[in-house]
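Only one structure is covered here, and it is reproduced in the block below.
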Number of protein chains: 2
Amino acid sequence: MDKQAVTIYDVARQAEVSMATVSRVVNGNPNVKPSTRKKVLGIIEKLDYRPNAVARGLASKKTTTVGVIIPDISNAFFSSLALGVDDIATMYKYNIGLANSDGNTQKELTVFNTLLAKQMDGIIFMGRRITEKIREGFSRTYIPIVLAGTIDPTGEIPSVNIDYRLASKDAVSLLVSHGNEKIAFVSSPLINPINKQRLKGYEDIFLENDHLSYSEGLIFEVNYSFEKGKELAKRVKNAGVTACYITDDELAIGLMDGLLDLGVAIPEEIEIITSNNSVLTEFARPRISSITQPLYDLGAVSMRLLTKLMNKEEVGERNVILPYSIEEKGSTKRII
Amino acid sequence: MDKQAVTIYDVARQAEVSMATVSRVVNGNPNVKPSTRKKVLGIIEKLDYRPNAVARGLASKKTTTVGVIIPDISNAFFSSLALGVDDIATMYKYNIGLANSDGNTQKELTVFNTLLAKQMDGIIFMGRRITEKIREGFSRTYIPIVLAGTIDPTGEIPSVNIDYRLASKDAVSLLVSHGNEKIAFVSSPLINPINKQRLKGYEDIFLENDHLSYSEGLIFEVNYSFEKGKELAKRVKNAGVTACYITDDELAIGLMDGLLDLGVAIPEEIEIITSNNSVLTEFARPRISSITQPLYDLGAVSMRLLTKLMNKEEVGERNVILPYSIEEKGSTKRII
DNA sequence: TTGAAAGCGCTAACAT
DNA sequence: ATGTTAGCGCTTTCAA
């Protein structure tokens, strides 16, 4: 049936050597006489033989495939990480087993289990938060797991992130330096530990600036999405804020969109700064000032870390923190 | 080493049945006495046994995973398709083996081959065009392949698309109905068969409208990307066009961005309509009018088609055409 | 440098 | 309804 019915045995027979020898040349084992190697290679070419990775996986207990669990592949933030993961995976000859979790706790667990069943050599996990269930799932296996752009409050699981708290503090600082006194903190669900960190960064500002007063009324918590941001515009406007720090780009674009629809001038009347600097911030008008996270690198470094873990190499810091910066664009005032 | 060292044999022994019986209950084979089934299930639970999918794959010659080849996972167009693919794959109990091809012909072939080596049950291919090399690769295997949002000019390979020619004709028609006479066709590389179709749609307009004259100077061909679109703005403006049809959303946003920077009023001075209606068109200001392609469905239907092919079910049309529509937003004039 | 042979964990006839 | 027994295609000792 399968056109690819050529097995290692066929090659061995035609090359008049044993399977073991064929296996050796395929795997680059040096203990093969050059002349035999050449002969085997010739037959491989002639027969168009390609090793069956499944059989290989069964025999060697390695699949050279890593699972990637992702809340939403169509989200610019996560897909940028995924690109970084894929590139490094390819570089190290790994394939990707992709699983969308919809950010659904139950589904995260399900896909994690099927990924385990498929014998992934390691797992990159992206999620909004680490639930007890998934943590328990993680603890039932020895295969390495790395969190990418995802915080485990306990710090037990290797991860790659930026310092969200410091970054949001810096972002809000910028707004403060522009003279803003009523600054909104617009956040996707605070149950997400990253958002908790960001809120702390926001609160840090009030500790250092006596003339500012913290108010519950300045905290807005909604769901992730363009639409939710848009719906929020009226409330934010009515709160009388002159600036907003926002935890998600889509949310930020939605909010800005809503504000513009309400006739609010940006940045003149309300300044906006967001968190992820995804391409979306470039596409909006005005362009949205943002914390710049190294999205691609977040994914790439996670995958690199995972390769080390899979190879049982020595790794220094298992909770990697990457640098960030603040990029001022059109949605904040340009102070001269 | 592995915490998951439990095999079907362990379960069989403890449940005091044969491996075959365990296999039967795991696979839902009805030929098992309820009481034994219950006993086996109990042991499975107790031992936390999870079937090894690799061994299964080797024995059954089915991996229940499908390969997805994608030019750029971080591109909104493709990642939306990918989401549709993933959802339907999950629904049919398939996993996804993802491979980014960078739109690179050579890499497409490489990843295709590794996907084959990993014994994917089927492949979803997204690309800008089908090269002879990849076609040859396809022809060397019997596993089903479906093109998603990708045209094979020969129509040999099963595919799911919209009627790009008709869609672009409709889009340009709208511009004509608004009184525009100099309408630009701004395209990513025309070597892409989809763009060729679109150009034909654009040309169809001139056949039906005698007062319009086709001119080479109205055709702009650049690379995919926001930046390229932006760079193009001056040339487009200088060409004196009053409207543009654009083949890619990022390109459209870039072009619009560039035009706005040049002080061009949109849609008053130049109307813009694009092709993919990705979320980006919502994020831009003004929002960009667009052909609406059912992105998610393009992926979902492709995957559904692939499941039929993998099951050797009867399929009516192997080259599926999905409906599209035109959505007028802020970048085209609203005629009352 | 090469070969023989024993699995890897499971499925799928074939028997019973 | 259940068990026996070959493999699936490869890696990997262990010998030679």
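Convention: sequence-line order gives letters A, B, ...; per-chain numbering from 1. Values below: every heavy atom of this structure, side chains too, minus hydrogens, waters and symmetry copies. Computed from a predicted structure; not experimentally measured.
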Under 4.0 Å between a side-chain N or O of [X] and OP1 or OP2 of [N]?
X	N	value
A/T7	D/dG9	no
A/N27	D/dT11	yes
B/Y9	D/dT4	no
B/R56	C/dG9	no
A/N52	D/dC10	no
A/K61	C/dG7	no
B/S23	C/dC10	no
A/T21	C/dG3	yes

Q. Is it true that the side chains of B/K93 and A/T114 contain a donor and an acceptor less than 3.5 Å apart?
A. no
Q: Taking the side chain as every heavy atom from C-beta outward, state whether A/L305 and A/P158 have any atom pair closer than 4.5 Å.
A: yes
[X] has an atom [atom1]; how far is it from atom [atom2] of [N], in whole Å?
X	N	atom1	atom2	value
B/K39	D/dA1	NZ	C1'	12 Å
B/N29	D/dA1	CG	P	9 Å
B/E16	D/dT4	CD	C1'	18 Å
A/I8	C/dA5	CD1	P	16 Å
A/M19	C/dT2	CE	P	16 Å
A/N31	D/dT12	CG	P	14 Å
B/R24	C/dG9	CZ	C1'	17 Å
A/Q119	C/dC8	CD	C1'	10 Å

(Q) Closest-nucleotide mapping onto DNA chain C: is B/V26 or A/K33 further toward the 5' terminus? I mean the 5' end. (A) A/K33
Q.
If you compare all heavy atoms of A/S74 against all heavy atoms of B/S79, which two are closest, and at what distance to 0.1 Å?
A. CA-OG, 3.5 Å
Quick one: which of [options] gets closest to the side chain of [X]?
X	options	value
B/P51	D/dG9, C/dC10, D/dT2	C/dC10
A/A20	D/dT12, C/dC8, D/dG3	D/dT12
A/S60	C/dT11, D/dT12, C/dG9	D/dT12
A/L58	D/dA1, D/dG9, D/dG3	D/dG9

Q: Could you tell me whether the side chain of B/Q293 and the main chain of B/L295 form a donor-acceptor pair under 3.5 Å?
A: no
Q) Donor-acceptor pair, B/N104 side chain versus B/P71 backbone, under 3.5 Å? A) no
**Q.** Aromatic ring proximity B/F125/B/F112, centre distance under 6.0 Å
**A.** no
Q: Answer with base, sugar-phosphate or nothing: what part of the nucleic acid does B/V17 contact at a heavy-atom distance below 4.0 Å?
A: sugar-phosphate
Q) When you match B/T36 and A/A55 each to their closest nucleotide on DNA chain D, which lands nearer the 5' end? A) B/T36
